J.: 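My structure is below; once you've seen it, I'll send some questions.
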Amino acid sequence: MIENLYKIPNHVAIIMDGNGRWAKRRGLERVYGHREGVKAVERAIKFARNVGIKYLTLFAFSTENWQRPQEEVNAIMSLLVEYINEKMPMLLENDIKLIFMGRKEGLWDNVLKAMEKGEKETAHCKSMTVVITLNYSGRAEIVDTVNRIIKSGVKQINEESFRNFLYNPDIPDPDLLIRTSGEKRISNFLLWQLAYTELYFTQTLWPDFDEEEFLKALYDYQSRERRFGKVLDE
Ligand code: IPE
Ligand code: IPE
Ligand code: MG
């Protein structure tokens with residue numbers, strides 16, 4: 001299946017969107033879309049690992065998503081805890097490190113516990129890093145970053161030193177951002193980190209996002225010419 005694949009992005013970030021619509025189209029409650037979306041998460045992780053992507057960041061829950069019906073929020077959080085616990089052997093088997101990114105305040109104790117356990121048990125893994133952004137928003141991260149800088153007493157910063165105060169300064173910026181479900185917006189995702197990221201949008205709803213869809217995004221990415229503001233030699 002995978003032919004002529006080169007220029008593998010080091011870091012792929014995904015806005016996993018369209019779970020609710022996937023369910024609605026089948027006359028089901030939105031929650032079923034999230035359940036199905038979890039399967040797509042596992043497919044994406046395994047695929048990324050197989051093709052040699054080093055960092056995979058997945059937008060799981062934004063700070064704005066708290067405004068959804070309580071029942072849906074509860075379902076997403078429960079799924080998350082279930083998933084972390086269930087998938088630990090798969091992550092360890094594949095030497096995948098798990099990291100969470102976002103505000104810890106407001107998260108339930110059982111969620112925090114599962115997150116801690118997941119991070120601790122996979123801390124030694126080296127082949128790939130999966131970053132789950134949870135209770136995350138790009139503006140919140142920038143505000144938190146500025147507050148940390150103020151607290152540290154640093155009086156002047158530049159782009160590099162600013163980066164050191166971000167949630168995860170060691171993770172390189174994404175090379176490719178994929179958003180499913182046809183929406184063409186960033187929805188407050190990694191605002192600082194996406195400055196020069198290549199953007200890829202697909203109509204496919206997240207629960208339908210499979211290896212073939214991921215591959216299409218990678219083929220599209222390899223045709224891009226990244227200039228970073230420079231003129232490339234003819
Ligand atoms: C993305 O799917 C998952 C989360 C935001 C948690 P949505 O739930 O946003 O699905 P749509 O966009 O309503 O179809
Ligand atoms: C972005 O999707 C957040 C996640 C995928 C977790 P949303 O569905 O919340 O974004 P909007 O509301 O369409 O911008
Ligand atoms: Mg959505």
Side-chain angles (χ1 to χ4, degrees), residues 11-45 47-48 55-84 86-87 98-108 110-112 114-115 118 130-144 167-168 171 174 176-194 197 199-210 213-214 217:
H11 182 178
V12 176
I14 307 182
I15 302 178
M16 312 182 287
D17 199 11
N19 291 350
R21 276 163 284 170
W22 185 94
K24 284 281 156 221
R25 280 179 199 175
R26 286 162 177 77
L28 301 167
E29 294 296 323
R30 294 175 55 83
V31 176
Y32 289 94
H34 296 312
R35 285 214 160 268
E36 201 63 25
V38 168
K39 296 183 192 161
V41 169
E42 180 160 3
R43 275 199 301 268
I45 292 176
F47 178 85
Y55 297 89
L56 180 68
T57 296
L58 303 170
F59 203 0
F61 194 85
S62 73
T63 51
E64 289 80 14
N65 288 149
W66 292 109
Q67 297 166 63
R68 294 187 177 201
Q70 191 60 45
E71 195 190 335
E72 184 173 344
V73 172
N74 292 353
I76 294 173
M77 292 300 160
S78 304
L79 267 177
L80 200 95
V81 173
E82 210 178 287
Y83 186 77
I84 301 169
E86 215 172 86
K87 294 305 161 195
L98 189 60
I99 285 180
F100 290 90
M101 180 159 135
R103 285 188 176 157
K104 300 283 184 279
E105 305 93 79
L107 292 176
W108 307 340
N110 66 327
V111 177
L112 288 170
M115 289 161 65
V130 169
V131 183
I132 307 274
T133 54
L134 179 70
N135 195 15
Y136 176 86
S137 93
R139 285 187 178 173
E141 180 177 18
I142 290 171
V143 166
D144 289 350
Y167 291 155
N168 290 93
I171 295 175
L176 172 66
L177 172 79
I178 298 171
R179 182 170 190 151
T180 58
S181 88
E183 310 298 352
K184 294 186 181 67
R185 53 177 172 262
I186 301 299
S187 296
N188 214 349
F189 201 23
L190 306 156
L191 295 179
W192 175 271
Q193 296 87 339
L194 292 175
T197 301
L199 309 179
Y200 178 85
F201 300 100
T202 170
Q203 291 292 331
T204 304
L205 302 174
W206 177 249
D208 293 326
F209 191 84
D210 58 9
E213 290 290 330
F214 206 146

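Note that the coordinates shown come from a computational prediction; the quantities given were computed from them, not determined experimentally. Each ligand, and each atom within it, is numbered from 1 in the order the structure gives.
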J.: Show which atoms of ligand 1 fall inside a sub-4.0 Å distance from at least one heavy-atom site of Ile76.
T.: 6 (C)
J.: Heavy-atom distances under 4.0 Å are what count here, so tell me which part of Phe189 touches ligand 2: side chain, backbone, both or neither.
T.: neither
J.: Would you kindly specify which portion of Leu205 sits under 4.0 Å from ligand 1, judged on non-hydrogen atoms: side chain, backbone, both or neither?
T.: neither
J.: Test of understanding: given a 4.0 Å heavy-atom threshold, classify the contact between Arg30 and ligand 1 as side chain, backbone, both, or neither.
T.: side chain
J.: For atom 14 (O) of ligand 2, what is the nearest protein heavy atom, given as residue, atom name and distance?
T.: Ser187 OG, 2.6 Å
J.: With heavy atoms of Ile15 as the reference, note each atom of ligand 2 found under 4.0 Å away.
T.: 1 (C), 5 (C)
J.: Counting heavy atoms only, name the option from Gln67, Arg68, Arg185 that's nearest to atom 7 (P) of ligand 2.
T.: Arg68
J.: By number and element, which atoms of ligand 1 are closer than 4.0 Å to a non-hydrogen atom of Arg21?
T.: 11 (P), 12 (O), 14 (O)
J.: How far apart are the closest heavy atoms of Ala13 and Leu190, and which atoms are they?
T.: CB-CD1, 4.1 Å
J.: Would you check if there is a donor-acceptor pair between the side chains of Ser181 and Arg21 at a distance under 3.5 Å?
T.: yes
J.: My understanding is that we take every heavy atom of each candidate and find the minimum distance to atom 6 (C) of ligand 1. Doing that for Ser62, Gly37, Ala60, which one comes out nearest?
T.: Ala60
J.: Under a 4.0 angstrom heavy-atom cut-off, which atoms of ligand 1 come close to Asn65?
T.: 5 (C)
J.: To which protein heavy atom is atom 2 (O) of ligand 2 closest, and what is the distance rounded to 0.1 Å?
T.: Arg179 NH2, 3.6 Å
J.: Over all heavy atoms of both residues, which pair between Met16 and Ala60 is shortest? Give the atoms and the distance, please.
T.: CE-CA, 3.9 Å
J.: Does Glu183 reach ligand 2, in the sense of a heavy atom lying below 4.0 Å from it?
T.: no
J.: Quick one: closest heavy-atom pair of Leu205 and Arg25, and the distance?
T.: CD1-NH1, 3.4 Å
J.: May I ask whether atom 11 (P) of ligand 2 is less than 4.0 Å from at least one protein heavy atom?
T.: yes
J.: With a cut-off of 2.8 Å, does Asp17 put an N/O/S atom close enough to the Mg ion (ligand 3)?
T.: yes
J.: Judged by non-hydrogen atoms, does Ser181 sit under 4.0 Å from ligand 1?
T.: no
J.: Tell me whether Arg26 at atom CZ has more than 12 heavy atoms from other residues, nucleotides or ligands lying less than 6.0 Å away.
T.: yes
J.: Would you please determine whether His34 falls within less than 4.0 Å of ligand 1 on a heavy-atom basis?
T.: yes
J.: Check ligand 2 against Phe61 and write out every atom of the ligand that is under 4.0 Å from a heavy-atom position of the residue.
T.: 6 (C)
